[in-house]
There are 2 protein chains.
Amino acid sequence: MKKVSIKDVALKAGVSIASVSYVLNNKIDSRIGKDTVDKVRKAAEELNYRPNNAAKSLKTQRTHIIGLIVADIANPYFSQIARIIENEANKKGYTVIIGSSDENKEKFEGLINMFCDRQADGLIIAPVEGAEDCLQKLQRQNMPFVFIDRYLPQVLADSIQINNYDISYEVTEHLIQNGRKNIVLVAYTTTLHHLLQRTQGFTDALQQHSLECNAQSILSIDKDAIDADVDAGFTNLFNSSTVPDAVFFTSNKLAVAGLKKLMKLGIDIPKDLAVVAFDETEAYELFSVPLSFVRQPLAGIGTTAVTLLHNKITDHLLPVQNIILEAELHVSRSSELIIN
Amino acid sequence: MKKVSIKDVALKAGVSIASVSYVLNNKIDSRIGKDTVDKVRKAAEELNYRPNNAAKSLKTQRTHIIGLIVADIANPYFSQIARIIENEANKKGYTVIIGSSDENKEKFEGLINMFCDRQADGLIIAPVEGAEDCLQKLQRQNMPFVFIDRYLPQVLADSIQINNYDISYEVTEHLIQNGRKNIVLVAYTTTLHHLLQRTQGFTDALQQHSLECNAQSILSIDKDAIDADVDAGFTNLFNSSTVPDAVFFTSNKLAVAGLKKLMKLGIDIPKDLAVVAFDETEAYELFSVPLSFVRQPLAGIGTTAVTLLHNKITDHLLPVQNIILEAELHVSRSSELIIN
DNA sequence: TATATTTGATTAAACGTTTAAGCAAATTGA
DNA sequence: TCAATTTGCTTAAACGTTTAATCAAATATA
């Protein structure tokens, strides 16, 4: 069964292929008679005509494809954002292609190349460390893109960010105000700016409240050995002379790994240890204690990303925008004030 | 900055565009001289030539795009499978486009249409209820596809399935052998075959072991009201005259909802209630008791799906294959034998 | 040496669209 | 009534590839 083309429709309707194209694309400015419109519509309908996107793209230089690069689509944070982006993009007539970088620069560049080869109209990117060159090159090729979740200071591009510093400061202050003195931040070993901001918010809050920030205050975790590092780190901490009385996890994966370990250690939450986690995930709900957590505005991130990108696609010369959305701390049992 | 085309390469190398095409596609059968090959390669390299996929697709009728329809990419079961499929497909030169149906027929058909319009080479599909017509139409259009996770008996197509009946029988028998007499199956209200098989395995096992299967034995949950239904159902069950001593969840989402409720009810697991869940998810790991669960062969499902589809794409006349992979029961604390 | 074959390249058509340009008929304006 | 304009439609080029067909030169065969 051969695909039906615009030519077949033209033949059946008894008009030229140009007319068919004009009608089917609703080009009202190009004066088509009422009855040809009807004839064409009817023929197209009867033949069940569907336009060929390859041909369309070739001619118009538009694919209506948006590439989305996340760290890992299996991470609920990204899969939720991906769904929102997909919906929003569909509304605007785009199809989304998702790729996972695994925080790996080679994979990341591979994805970028793939999207270029597929002539995506634009990209929504959670960049990996060290991708500056690659992205600057991308800019020179005039490929529109916007950052989500994170950004690279050396790359001047649109971005959707959250108030990483402020929210982290707020979480820390919340713990301090509830009487915690020995707070540990669990963070990745990284140079990624948004994560450094979270750390900075933490240390500034400690300092502001005259609490010491020592070698034990920050537990640095290698993203490729989360479970092992968390395991070893917590074992050390809880065997040390100054046992922590609060812990703040800066990502959902760190939180899950950490909570698993805390269960094993049999720590009493919130009595002996207050806990706050970044992000939300289904997993938190099965933890024995309702968790305090930082909720990111996922819907906002997704929809603004698409809007920003769409604007950029339709007008390449738009000025760079950096939009900052607010994450919120939701306090629950795990970090409640203990009355002795 | 204008995109460089094959024409520019031809010009620079001082040969015809045909020669460039032959060289760049490694068409060795079409006798090209060693030095033209070099000239072309060099020119392409220097100009940083990248082929235009739209043009390529238009000419070859191949897009090297695979469409993947899952119920919900934010469900870890599907997001893990999606990653595997993406990797495997990339190896074979395909790009994967993912869409979520939300078990909604209209969305499902929308996705099918989208993939047809984008002239995907083939589809990997977790079909929704009532999609028979739509998929038979798809077959008539010669679009190759393979089913994963589930299948529709009325649609004769390739599929990757798991041993739903057997594993469910095995789980039930396991519970019975550990002395449980009042087992409840938590399942969706559905006509989807793979889920009915799970139910059938359960009821057959009960019958085989002379246990009654009554109105209380199966808790039917509406997929659009999981939390509410589970909540009400469990409240009833645990207030009834015959309180269950075991529960088998037939999906990860049902398990998470159920476990949340069990926590609230303060049920002692495994002493008062044995629990087995289908699928694996990070969330299980934060539950207070290590959970017995059914592990699906995700890697196998993903890779075979791609292989099957790729074969079908390259040879449309291949006979239909239905491949059945084995899921395995992993027993843990939550369903252990209690010695009184 | 004349003919047949092989080698290495090119020409040109085709894939299915979009759209500027052109043209004839109908309508308007004076 | 005739030129100017508007209306409705068509022609044809272009987008960037692939590939069958062709061709000339070089080589092999007799």
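Computed from a predicted structure; not experimentally measured. Values reported hereafter were calculated over all heavy atoms of this structure, with side chains retained and with hydrogens, waters and symmetry mates removed. Letters A, B, ... are given to chains in the order of the sequence lines, protein chains preceding strands, and every chain is numbered from 1.
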Whole-Å gap separating P (D:dA12) and CD1 (A:I17):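 Those two atoms, CD1 and P, are 11 Å apart.
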
First-last contacting nucleotides on DNA chain C - partner chain A, under 4.0 angstrom, heavy atom: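 The contact span of chain A on DNA chain C goes from C:dG16 to C:dG22.
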
Separation of A:I97 CD1 from A:R118 CZ (nearest 0.5 Å):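 A:R118 atom CZ to A:I97 atom CD1 measures 6.0 Å (nearest 0.5 Å).
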
Separation of B:Q80 CD from B:I85 CD1 (nearest 0.5 Å):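 Reported value, rounded in 0.5 Å steps: 12.0 Å.
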
Ring pair (Phe, Tyr, Trp, His ring centres under 6.0 Å): pairs with one or both residues in residues 105-140 of chain A, sequence neighbours excluded: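 Every candidate ring pair (Phe, Tyr, Trp, His ring centres under 6.0 Å) pair involving residues 105-140 of chain A fails, so no pair, neighbours aside, qualifies.
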
Selection residues 23-77 of chain B - residue pairs positive for ring pair (Phe, Tyr, Trp, His ring centres under 6.0 Å), sequence neighbours left out: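 Listed once each, the pairs are B:H64-B:Y94.
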
Any A:T36 side-chain N or O less than 4.0 Å from OP1/OP2 of D:dC9: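 For A:T36, the contact criterion (side-chain N or O under 4.0 Å from OP1 or OP2 of D:dC9) is met.
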
Helix axis bend for the helix from C:dT1-D:dA30 to C:dA30-D:dT1 - C1'-based end axes, five pairs, 10° rounding: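 Helix axis angle between the two ends: 50°.
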
Nearest-nucleotide comparison on DNA chain C, the residue closer to the 5′ end among B:T60 and A:S19: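 Residue closer to the 5' terminus by nearest nucleotide: B:T60.
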
Salt bridge (charged side-chain N to carboxylate O under 4.0 Å, His left out) partners of residues 50-71 of chain B, not counting sequence neighbours, each pair once: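 Pairs touching residues 50-71 of chain B that pass the test: A:D117-B:R50.
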
Non-hydrogen atoms of B:C134 and B:I112 that approach each other most closely: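 Here B:C134 and B:I112 meet closest at SG-CG1, 4.0 Å.
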
Heavy atoms of other groups near B:K92 NZ, more than 12 under 6.0 Å: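 Count over threshold, so yes.
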
Every protein N/O within reach of nucleotides 22-25 of chain D N/O, cut-off under 3.5 Å:
none

side-chain hydrogen bond (donor to acceptor under 3.5 Å, both in side chains) evaluation trace for A:T191 with A:E129: CA-CA 7 Å; A:T191 63; A:E129 289 183 86; 2.5 Å; yes

Modelled atom types, side-chain donor and acceptor of A:T303 and A:E88, under 3.5 Å: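 No, no side-chain donor-acceptor contact under 3.5 Å.
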
